[in-house]
Visitor: 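Questions regarding the structure given below will be posed in turn.
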There are 2 protein chains.
Amino acid sequence: MKEFTKTLRDHGMKVTPQRIAIYDILINTMEHPSAEVIYKKLEPIYPTMSLATVYKSLDVFKKAGLVQELNVGESSFRYDANVNSHPHIICTACHKVDDIEEGIFSDLVDKVNSFTNYSILKQQLYFYGLCPQCK
Amino acid sequence: MKEFTKTLRDHGMKVTPQRIAIYDILINTMEHPSAEVIYKKLEPIYPTMSLATVYKSLDVFKKAGLVQELNVGESSFRYDANVNSHPHIICTACHKVDDIEEGIFSDLVDKVNSFTNYSILKQQLYFYGLCPQCK
DNA sequence: GTCTCTGCAAAGTGTTTGCATAGGC
DNA sequence: GCCTATGCAAACACTTTGCAGAGAC
């Protein structure tokens, strides 16, 4: 959280209670919430909180490299405070989004680099299937 | 194209000039166009073509398994007449979307299956970087 | 005190829907 | 002739923007 404060200040951005609350949710959950879900969680604590503030804060965090935006194929984005390009797995029944250990794919970027002539900067790997509880 | 006609009919769906034109664009391009782009290409030939028809047709194709929808992280979906779950690579400069040979990742799904306890149904793999022309 | 942030409402963007007419089969 | 598709406009869902007042530093 020290790092969070520093990173924002280094980017000339202010540390507000709203931003702290939003970031706090993101580092303490595994569920990769959308802006709407974050907003719903904050409403009871910050009754005046606005969805626009959630969006603006997430945008700020994204620019500061504090969160990454996930596009799992739903209508809305999801957010992850783990900014590594780690793979995700989405349950097609209950729609939860889990992380997959990055190590499994260690050689993947090298393979793609040598096959394509692109310079890979990042990757987004999504697997879809039934989770243990839903199968 | 025979297959296309048969597949639609098998699903109780009609084969219309608009649908043929949309599908024809998709099988003859490598650029993975969005609905908007498809619409723009068709406008000169079908002046009465409507964006809603493009969306409805793409939806029909998706349900019939004739196209897949790609979510490369832009504001709109892109469409691909190649329905295999093959990986894509997106240039972060010119935003073109290329295919990557599927063979490279043959063992990936098995790995994920054994590590996660999910039953994987499909995957969407996106790599981002600079294409040969843009670097 | 300055300059960014918040929170409201309004606008924007891609997509979907309702419905009357057109057209595939 | 039946029943689905088209095409227009209006609705929708998520996100962004404008702006006046509040608040971080």
Visitor: Has the side chain of A:D80 got a donor or acceptor atom that lies under 3.5 Å from a matching backbone atom of A:N82?
Guide: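 Pair found, side chain donor or acceptor close to backbone of A:N82.
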Visitor: What parts of residues 20-35 of chain A reach DNA chain D, counting only heavy atoms under 4.0 Å away?
Guide: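 Nucleic-acid contacts, sorted: none.
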Visitor: Say whether, by atom type as modelled, one donor and one acceptor occur between the side chain of A:H86 and the main chain of A:N84 under 3.5 angstrom.
Guide: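 Yes; at least one donor-acceptor contact below 3.5 Å.
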Visitor: Using modelled atom types only, decide if a donor and an acceptor are shared between the side chain of A:N113 and the backbone of A:I120 within a distance under 3.5 Å.
Guide: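 Yes, A:N113 side chain to A:I120 backbone: donor-acceptor pair under 3.5 Å.
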Visitor: Under the rule for side-chain hydrogen bond (donor to acceptor under 3.5 Å, both in side chains), what residues qualify as partners of A:N117, not counting sequence neighbours?
Guide: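 Here no residue qualifies.
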Visitor: To the closest 0.5 Å, what do you measure between SG (A:C94) and CD1 (A:I90)?
Guide: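 One finds 11.0 Å between SG of A:C94 and CD1 of A:I90.
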Visitor: Reckon B:Q18 touches a base, only the sugar-phosphate, or nothing at all at heavy-atom distances under 4.0 Å?
Guide: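 If one applies the 4.0 Å heavy-atom cut-off, B:Q18 turns out to touch the sugar-phosphate alone, with no base involved.
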Visitor: Quantified as the angle between the terminal helix axes (five pairs each), what is the overall bend of the helix from C:dG1-D:dC25 to C:dC25-D:dG1 to 10 degrees?
Guide: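 About 40°, once rounded to a multiple of 10°.
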Visitor: Pairs in or reaching into residues 107-119 of chain A: which pass salt bridge (charged side-chain N to carboxylate O under 4.0 Å, His left out), with residues at least two apart or in two chains?
Guide: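 Not a single pair qualifies under salt bridge (charged side-chain N to carboxylate O under 4.0 Å, His left out).
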Visitor: Are the side chain of A:H11 and the backbone N or O of A:T7 linked by a donor-acceptor pair below 3.5 Å?
Guide: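 Pair found, side chain donor or acceptor close to backbone of A:T7.
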Visitor: Suppose we screen for ring-ring contact (aromatic ring centres under 6.0 Å, His included). Which residues come up paired with A:H32, at least two apart in sequence or across chains?
Guide: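 Only A:H88 meet the ring-ring contact (aromatic ring centres under 6.0 Å, His included) criterion with A:H32.
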Visitor: For residues 119-135 of chain A, pull every pair meeting side-chain hydrogen bond (donor to acceptor under 3.5 Å, both in side chains), keeping only residues two or more places apart or in separate chains.
Guide: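 Only A:Q68-A:Q124, A:Q124-A:Y126 qualify under side-chain hydrogen bond (donor to acceptor under 3.5 Å, both in side chains).
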Visitor: So where does chain B start and stop touching DNA chain C, 5' to 3', when the test is distance under 4.0 Å to a non-hydrogen atom?
Guide: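 It runs C:dG14 to C:dC25.
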Visitor: Which side-chain N or O atoms in residues 13-26 of chain A pair as donor and acceptor under 3.5 Å with protein atoms at least two apart or in another chain?
Guide:
unit_1	atom_1	unit_2	atom_2	d
A:T16	OG1	A:R19	N	3.2
A:R19	NH1	A:K14	O	2.8
A:D24	OD1	A:N28	ND2	3.1

Visitor: Could you check whether any side-chain N or O of B:S57 sits under 3.5 Å from a backbone N or O of B:T53, counting only pairs where one atom can act as donor and the other as acceptor?
Guide: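 Yes: the side chain of B:S57 pairs with the backbone of B:T53.
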Visitor: So, are A:D59 and A:K56 salt-bridged, with charged N and O less than 4.0 Å apart?
Guide: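 A salt bridge is absent here (no side-chain N lies under 4.0 Å from a carboxylate O).
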Visitor: At a cut-off of 3.5 Å, list every protein nitrogen or oxygen paired with a nitrogen or oxygen from nucleotides 22-25 of chain D, distance to 0.1 Å.
Guide:
unit_1	atom_1	unit_2	atom_2	d
D:dG23	N2	A:K14	NZ	2.8
D:dA24	O3'	A:V15	O	3.4
D:dA24	N3	A:K14	NZ	3.2
D:dC25	OP1	A:R9	NE	2.9
D:dC25	OP1	A:R9	NH2	2.9
D:dC25	OP1	A:V15	N	3.1
D:dC25	OP2	A:R9	NH2	3.2

Visitor: Within residues 40-73 of chain B, find the residues that approach DNA chain C with a heavy atom at under 4.0 Å, and present them sorted by residue number.
Guide: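 The answer is B:A52, B:Y55, B:K56.
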Visitor: Test: salt bridge (charged side-chain N to carboxylate O under 4.0 Å, His left out). Region: residues 37-49 of chain B. Which pairs qualify, not counting sequence neighbours?
Guide: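 Output for this query lists B:E31-B:K41, B:E36-B:K40.
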Visitor: I'd like to check the ring-ring contact (aromatic ring centres under 6.0 Å, His included) partners of B:Y79; sequence neighbours left out, ordered by chain and number.
Guide: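 In terms of ring-ring contact (aromatic ring centres under 6.0 Å, His included), with neighbours along the sequence ignored, B:Y79 is linked to no residue.
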Visitor: What verdict does the side-chain contact (heavy atoms from CB on, under 4.5 Å) test give for B:L70 and B:F77, after you've listed the backbone C-alpha separation in whole Å, the side-chain angles of each residue and the deciding distance to 0.1 Å?
Guide: CA-CA 6 Å; B:L70 306 181; B:F77 290 109; over 6 Å; no
